[in-house]
Protein chains: 2
Amino acid sequence: MAKANIAQPFNREVQYAAKRRAVIRAAAGAFRRRGYHNTSMVWIAKSLGLSKAALYYYVKSKEEILYECHIMVYDAMDEVVKSVRGKGANGLEKLKRLYGAFAALMTRDGLALLADVDSLKGAFQTEVLGRRGKIERAVTRIVEGGMKDGSIKKADPKITVFFFMGALNWLNVWYEPGGRLSGEIIAETFVTQMSDGIAS
Amino acid sequence: MAKANIAQPFNREVQYAAKRRAVIRAAAGAFRRRGYHNTSMVWIAKSLGLSKAALYYYVKSKEEILYECHIMVYDAMDEVVKSVRGKGANGLEKLKRLYGAFAALMTRDGLALLADVDSLKGAFQTEVLGRRGKIERAVTRIVEGGMKDGSIKKADPKITVFFFMGALNWLNVWYEPGGRLSGEIIAETFVTQMSDGIAS
DNA sequence: CCACTTATTGACTTTGCGGTCGAATTTGTT
DNA sequence: AACAAATTCGACCGCAAAGTCAATAAGTGG
């Protein structure tokens, strides 16, 4: 019980976890802007005021960092999916909430869908692809629901989903925090455009 | 004059050019599927039944291949842009033709928007970014035209354009030639979804 | 202030891959 | 057949960047 009450800044495990997260986040930002292979461990280290060797105190390999980046995003997305359960009058309404929240994740929280899945090997890749599939299936299910309740016009669900999910992914490439276009405006426009594109 | 009439299969320059193109195309396919950095020169060579060294008889560097891949796509897109000049009753109609043709490029001709611009350096990168900007501006101009003539609902043109261009790019990731979903179906659905999303 | 754990480092090793080169082989020409 | 030009190859080099490790500094509890 003693340890449990120590204030966070003086709790070593908490500090370690926080620093580890900082490493992941620093890397995630760099990966998003310049890609996985164009970002070196030295660069990540320097951006945190550390040496490369120190990084390996927090992570096992560069690949593990990339893996964690993906997991971070999918965790957040799972959370969003859970939060729209039961909400919304129909499939389309539910989807609008979901999509808006996804857009917010990208712009507000700096979380980006990474495309470098092929740089992951073995179990890492398998799990990330699994998580991606899970999200896709969840979104597809909502879309199918909307097609059934008549709020979304009938079409192949897969194409429908990948269309607007693709738009989201491309955000990584051109969105710059603090730029002319605020995250709110983007999210709003995206939701409208998505919604009008598929409403019946 | 003598040389000019030689049949193509016996004309060395033509053969050289054809082989060079084959190298670019083989690489383009691999880059699209597994990414630039996950594709080695040895792999490209073997996929053509050659040794790595032979590749360098046709190209100066791996970076040059990536550069040519980009140029190939932008040339095709410029062609599409030119082909819709004057066509279509209004901005939206023009855009639908354009977008459909873009989708066809991706699915039918296997041309893919590469995202690895950051792997290009110096002049290569500058030119590719220039070409990309040119296309974006052309598309944006059409969209703005549509907003003026009332066929497209008013919104920030940049967001509007990036939304549906992003969807196009994401095709690379999931579209598989010969799969359940034909290029025609995809192109058709994409055009509808794009159009309904922005029509006024 | 001492013993011990946690953090961090500089210097080194390893490795995968792009790129080069001279030689060999194939192809085309007279 | 002989020669030249176009192709292709095996073997090698260089380098950037991932990853290791022994040494050390910083922090903590007694």
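By convention in this document, chain letters (A, B, ...) are assigned in the order of the sequence lines, proteins followed by strands, and residues within each chain are numbered from 1. All values derive from a computational prediction rather than experimental measurement.
Note on Ser40(A): only backbone sugar-phosphate atoms sit closer than 4.0 angstrom, heavy atoms only; bases stay farther off.
Atom-to-atom, NZ of Lys62(A) to C1' of dT15(C) comes out at 14 Å; the value is rounded to the nearest Å. Across the protein-nucleic acid pair, Met41(B) atom CE and dG10(D) atom P stand 16 Å apart, rounded to whole Å. Residue Tyr16(A) contributes atom OH, which lies 17 Å from atom P of dT5(C) at whole-angstrom precision. Atom CD of Glu63(A) and atom C1' of dT15(C) are 15 Å apart (whole Å). Going from atom NZ of Lys46(A) over to atom P of dA18(D) covers 12 Å, rounded to whole Å. Note: CG (Leu55(B)) to P (dC17(C)) measures 15 Å, nearest angstrom. For Glu13(A) and dG27(D), the CD to P distance is 19 Å, given to the nearest whole Å. Spacing between atom NZ of Lys121(B) and atom C1' of dG18(C) amounts to 10 Å, rounded to whole angstrom units.
For Tyr99(B) (side chain) and Phe164(B) (main-chain N/O), a donor-acceptor pair under 3.5 Å exists by modelled atom type. Under a 3.5 Å cut-off, the side chain of Asn90(B) and the backbone N or O of Leu92(B) do form a donor-acceptor pair.
Picking from dA7(C), dT7(D), dG19(C) the nucleotide with the shortest atom distance to the side chain of Ser61(B) gives dG19(C). Checking dG18(C), dC9(D), dG19(D) against every side-chain atom of Ser51(B), the shortest atom distance belongs to dC9(D). Side-chain proximity of Tyr58(B) to the nucleotides dG19(D), dT8(D), dC17(C) is greatest for dT8(D). With dC17(C), dT8(D), dG10(D) as the choices, the nucleotide that has an atom nearest any side-chain atom of Ala53(B) turns out to be dG10(D).
His37(A) and Asp116(A) form no side-chain donor-acceptor contact under 3.5 Å, judged by distance and modelled atom types alone.
Side-chain N/O atoms of Lys19(B) include one lying less than 4.0 angstrom from OP1 or OP2 on dT8(D). The shortest distance between the side-chain N/O atoms of Tyr56(A) and the OP1/OP2 oxygens of dG19(D) is below 4.0 Å.
Below 30°, between 30° and 60°, or above 60°: for Phe163(A) and Phe190(B) the angle between ring planes is above 60°, a perpendicular geometry.
Judged by distance alone with a 3.5 Å cut-off, a donor-acceptor contact links the side chain of Lys52(A) to the base of dA18(D).
Along DNA chain D, the nucleotide closest to His37(A) and the one closest to Tyr57(B) are compared, and the more 5′ of them pairs with Tyr57(B). Along DNA chain D, the nucleotide nearest Val42(A) and the nucleotide nearest Leu50(B) are compared for position; the residue whose nucleotide lies closer to the 5' end is Leu50(B).
The distance from atom CG of Leu55(B) to atom CZ of Arg20(B), rounded to the nearest 0.5 Å, is 11.0 Å.
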